[in-house]
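Chain letters run A, B, ... following the sequence lines, proteins first, then strands; residues in each count from 1.
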Amino acid sequence: MITENWLPKHTTGRMVLLFAFLFMFGMIWFPILEMFYWSFFVKEPGIFEFAGLANFQRLFTKDPIFWKSLQVTFSFAVMVVPGVVGLGLGLALAVNTIKDTTIRGLFTVSFFTAYVVPLVAIALVWRYIYLPGKQGLLNVIMDWFGISPIRWLNISEWALRSLAILRIWKEAGYAMVLFLAGLQAIPKEFYEAADVDGANSWRRFLHITVPLLTPMIAFVVVITTLGAFLAFTEVYVMTPEAGGGRGGPNFATNLMAFHIFNTAIAYGHEGYGSAMAAVFFVIMVAVGYGQYRFIRATYEY
Amino acid sequence: MQQRTEPMQSDDLRHASGRAARWQRLVTRTLVYVLLTAGSIVFFVPFYWVVIASFKTPAELQTIPPTWWPQVFTVANYPIVWRAEFARYFLNSFIYSGGTTVIVLITSSLIGYVIVKDSSRLGNIIFWFILAASMVPFVTFLLPLFNMLLRIQRLLGVPMINTYWGMIMPWVVFPFGVFLMRQAMFGVPTDLLDAARIDGATEIGIYWRVVLPLVRHNMAALAIIVFIFKYDDLLWPLVVAQRTDMYPVTVGLVEYVGQFFIEYNLYTTAAVLTIAPIFVIYLVLQRYIIEGIATQGLK
C-alpha cells in the first residue's frame, strides 16, 4: 500500500521540478547565455554579424559614457547605502524606546509608507518637489532657512544627489522595520545584566546592540546595495532628458540599468548593449560575491 | 538618634537620585517623541504636497511661491485624467499584478512543497538553480528574454507580445516566492502528511487540504508582497506592452506625464490616482505587510 502511494508522489514531484526547471531555464538562464552570445556580434535591427571582441574593445577603449555611467552607478550606491542604513538605524533605535505598542505601531506604519507606495508615481511626485526656482517645494522650504534655491535635477552636481535623497527617503522605513525586528530579537537579559554591571546607555549600545544587530545590518547593506545598483525607475521618470543629455545633465544620472536599457532597447544597438550587459553582469557577480563574503564574516562574529 | 538619621539621609539621597533619573527619562522620552513626530511629518510632506496639488486649478499651480492650501478647491482634474484611458490602465495593472500573484502562489507553494517534502538531490539542485537566478540583474537579460517570447510566439503560435500572458510569463517561477514557501514547508509536520496518506488521500488532496491551510499565513504575506511589487513594475511592461491599451498604470503614468509635463494639475492627479490603490491596501493590511517584510529579513 505504501509503495502504491509513494510511486505517484515521486512522479508528480518530478513533474513539478521539471516544470520549475523549464521556466527558470527558458526565462532566465537561456536569455543570459544568449546575452553573452550576442555580445560578440554587431546586432542592430536587421543586422547580425559576428564581430569577435570588437564590442568589448570599443567599450573599454572608446566609450567614455559607459565609464561615466559605471562611475555614477557606484557613486549612487555609495550615497544611498549609508543614508538608508544610518537613517533606518536611527529611526529604529528611537522607535524601539517607545513602550506603548499602539504608538510604536503608528510610527512604524508612517515611516514605512514611503517604501510601499509605487516608485514610479512617487518619483514623479519628487520631480514636482524638485522643481527649480521658488516653484518647487524643497526650494521654498530651504528659503525659510535662508538657503538659496538649487536647480536640483537640472545641474550635474545635484541631479544624482537628488535621486539618492529620494531613494533614502523611500527605503529608510524598510531598513527601520528590519532593524526593529532585529532589536526585538535581542534578549532582554543582556541589557539587565549590563544594568547590574552599571554600564551606561552608550556602552550598552556599543557592546550589546551593535554586535547582536550586525547580521541584520549586513543584510540591509546587501539588499540596499543591490537595489541601488539596479536603480532604473528614478532615472527613467525624473531625468530622462533633463538639461539636454540623456540620463540627466551631462549624463550625471545615467545609471547602468538605464544606460543598458537605452543602448540595447531604445536605440536598438542590441549587440553593443549586450556587451555592456555582460560587463555589468560580471561586475554584479563580483559585488555579489564580495557581499556574500561580508555576510559570512558578520555571521561568524 | 544617629541610627534614625543615617537611614533617613540615604533614603533622601536615593529619592533625589531617583527623581533625577525619572526627570532625565522624561526628557529623553519627550525628545524622542518630538523628533519622531517631526520626522513623520517630514516623511509625509511629499504625499500632502501632491494630494493638495491635485485639487488646485491649473492657474494656481503656476503661482510662485506655491500655496499650501488650495485657494480654489476643485475636483475637476480627476475626471480629465480618469477619462484619458486611466481606467483601462488600472484594469491592466490589476490583471498583471493580480494574475502574477495567483500564479506565483500556486507555483511557489508546489515547488516549495516538493523540494522539502519529497526531498531529493535533484530538488536541492533545482532550488539553488532557482535561487541563483534571483541574484541576476534583470536588465542584463531583458532583451534576450523579449526575444525568447518572440520565439515562443513564432514556434508555438501563442501570442506573447501585448498580451497579459506574455507579461506574466517571466514571473511564473518566482525565486523569492519559492524561497519563502520552502521556508514555510519546513514548518509542516511530515507525520500529518503520512497520516493523510494512510487515510487514502491523493497527493493533490494532501497539498490542497492539508498543506495549504497550514501555510496560509505565509501565502498571504507572499501574495501582498508580490502584488505590491508587480504593481510598481516598470521595466518589463515597458518592453512587452507596446500597445497603449495594454499599458499597466506605471507605463501609462509615465507616458501620460510625458505628454503633459507642464500641466502640473494633470500630472499630480495621475500620480495620486496611481498611488491610491496601494495606499488603501496598505492602510487596511499594514500589520500583515510590515510583519511579512520583517520576517522575510530574518530568514
Contacting moiety of B:Arg151, where chain A heavy atoms sit under 4.5 Å: side chain
Under 4.5 Å from a heavy atom of chain A, the part of B:Leu238 involved: side chain
Portion of B:Val239 that has a non-hydrogen atom of chain A nearer than 4.5 angstrom: side chain
When A:Val285, A:Leu180, A:Ile98 are compared by non-hydrogen pairs under 4.5 Å with chain B, the top option: A:Ile98
Whether A:Trp169 side chain and B:Phe43 backbone form a donor-acceptor pair below 3.5 Å: yes
Over all atoms of both residues, closest heavy-atom pair of A:Val140 and B:Pro66: CG2-CD, 3.7 Å
N/O donor-acceptor pair under 3.5 Å between A:Tyr128 side chain and B:Ala53 backbone: no
Atom group of B:Val173 that falls short of 4.5 Å from chain A, counting heavy atoms: both
Side-chain heavy-atom pair A:Phe30, B:Leu145 within 4.5 angstrom cut-off: no
Any side-chain heavy-atom pair of A:Phe232 and B:Phe138 under 4.5 Å: no
Under 4.5 Å from any heavy atom of chain B - which part of A:Val109: both
Residue part contacting chain B, namely of A:Leu138, when any heavy atom lies under 4.5 Å: neither
Top of A:Phe261, A:Trp29, A:Phe229 for chain B proximity - count of heavy-atom pairs under 4.5 angstrom: A:Trp29
Chain A contact via B:Ala132 - which portion, at a heavy-atom distance below 4.5 Å: both
Interatomic distance, A:Thr12 atom OG1 to B:Leu110 atom CG [nearest 0.5 angstrom]: 10.0 Å
Largest heavy-atom contact set with chain A, pairs under 4.5 Å, which of B:Leu143, B:Ile278, B:Asp233, B:Thr250: B:Leu143
B:Ile126 CD1 to A:Phe21 CZ distance, which is reported to the nearest 0.5 Å: 6.5 Å
Closest non-hydrogen atom pair between A:Ala121 and B:Leu253, with its separation: CA-CD2, 3.7 Å
Option in A:Val116, A:Val177, A:Leu22, A:Leu230 with maximal non-hydrogen atom pairs under 4.5 Å from chain B: A:Val116
Side chain proximity check, A:Trp38 to B:Asn147, heavy atoms < 4.5 angstrom: yes
Min side-chain heavy-atom separation B:Phe47-A:Ile122 under 4.5 Å: yes
Under 4.5 Å from a heavy atom of chain A, the part of B:Phe129 involved: both
A:Phe112 vs B:Tyr282 side-chain heavy atoms within contact, under 4.5 Å: yes
CE-CD1 distance between A:Met176 and B:Ile290, expressed to the nearest 0.5 angstrom: 7.0 Å
Heavy-atom neighbours of A:Tyr37 OH exceed 12 at 6.0 Å: no
Full working for side-chain contact (heavy atoms from CB on, under 4.5 Å) between A:Arg127 and B:Tyr267: CA-CA 11 Å; A:Arg127 189 175 171 182; B:Tyr267 168 172; 3.3 Å; yes
Which portion of B:Phe44 sits near chain A, non-hydrogen atoms under 4.5 angstrom: side chain
Region of A:Thr113 in contact with chain B, defined by heavy-atom distances below 4.5 Å: both
Toward chain A, the part of B:Thr202 with a non-hydrogen atom under 4.5 Å: neither
Segment of B:Phe229 engaging chain A (4.5 angstrom heavy-atom cut-off): side chain
Value rounded to 0.5 Å, distance of CD1 in A:Ile265 from CG in B:Leu142: 4.0 Å
Which of A:Phe281, A:Phe111, A:Phe36, A:Phe280 touches chain B most, by non-hydrogen pairs under 4.5 Å: A:Phe111
Side chain / backbone / both / neither for B:Ile281 at chain A, heavy atoms under 4.5 Å: neither
Top contributor to chain B interface from A:Ser110, A:Ala94, A:Pro31, A:Ala277 [non-hydrogen pairs under 4.5 Å]: A:Pro31
Residue pair B:Ile152 / A:Met27: nearest heavy atoms and the distance that separates them: CD1-CE, 3.9 Å
Chain A interface, residue from B:Arg287, B:Met148, B:Gln286, B:Gln62 that has the most non-hydrogen pairs under 4.5 Å: B:Met148
Heavy-atom pairs under 4.5 Å with chain B, option from A:Met276, A:Glu34, A:Met284 with the top count: A:Glu34
Side-chain heavy-atom pair A:Leu17, B:Ile115 within 4.5 angstrom cut-off: yes
Among B:Thr37, B:Leu61, B:Thr107, B:Leu234, residue most engaged with chain A (heavy-atom pairs, under 4.5 Å): B:Leu234
Gap separating the OH atom of A:Tyr115 from the CD1 atom of B:Ile289, nearest 0.5 angstrom: 11.5 Å
For B:Leu122 against A:Arg14, the heavy-atom pair lying closest together: CD2-CD, 3.9 Å
Chain A contact via B:Trp68 - side chain, backbone, both or neither, heavy atoms under 4.5 Å: side chain
Within-4.5 Å side-chain heavy-atom neighbours: A:Val120 and B:Thr274: no
Check against side-chain contact (heavy atoms from CB on, under 4.5 Å), B:Tyr113 and A:Val16: CA-CA 10 Å; B:Tyr113 175 55; A:Val16 170; over 6 Å; no
Side chain proximity check, B:Ile111 to A:Met24, heavy atoms < 4.5 angstrom: no
Chain A interface, residue from B:Ile130, B:Val45, B:Val249 that has the most non-hydrogen pairs under 4.5 Å: B:Ile130
Atom pair CD1 (B:Ile275) and CG (A:Leu119), whose distance is rounded to the nearest 0.5 Å: 10.5 Å
Which atoms of A:Ala172 approach chain B - backbone, side chain, both or neither, heavy atom under 4.5 Å: side chain
For chain A, the option from B:Val172, B:Ile125, B:Leu31, B:Val50 that forms the most heavy-atom pairs under 4.5 Å: B:Val172
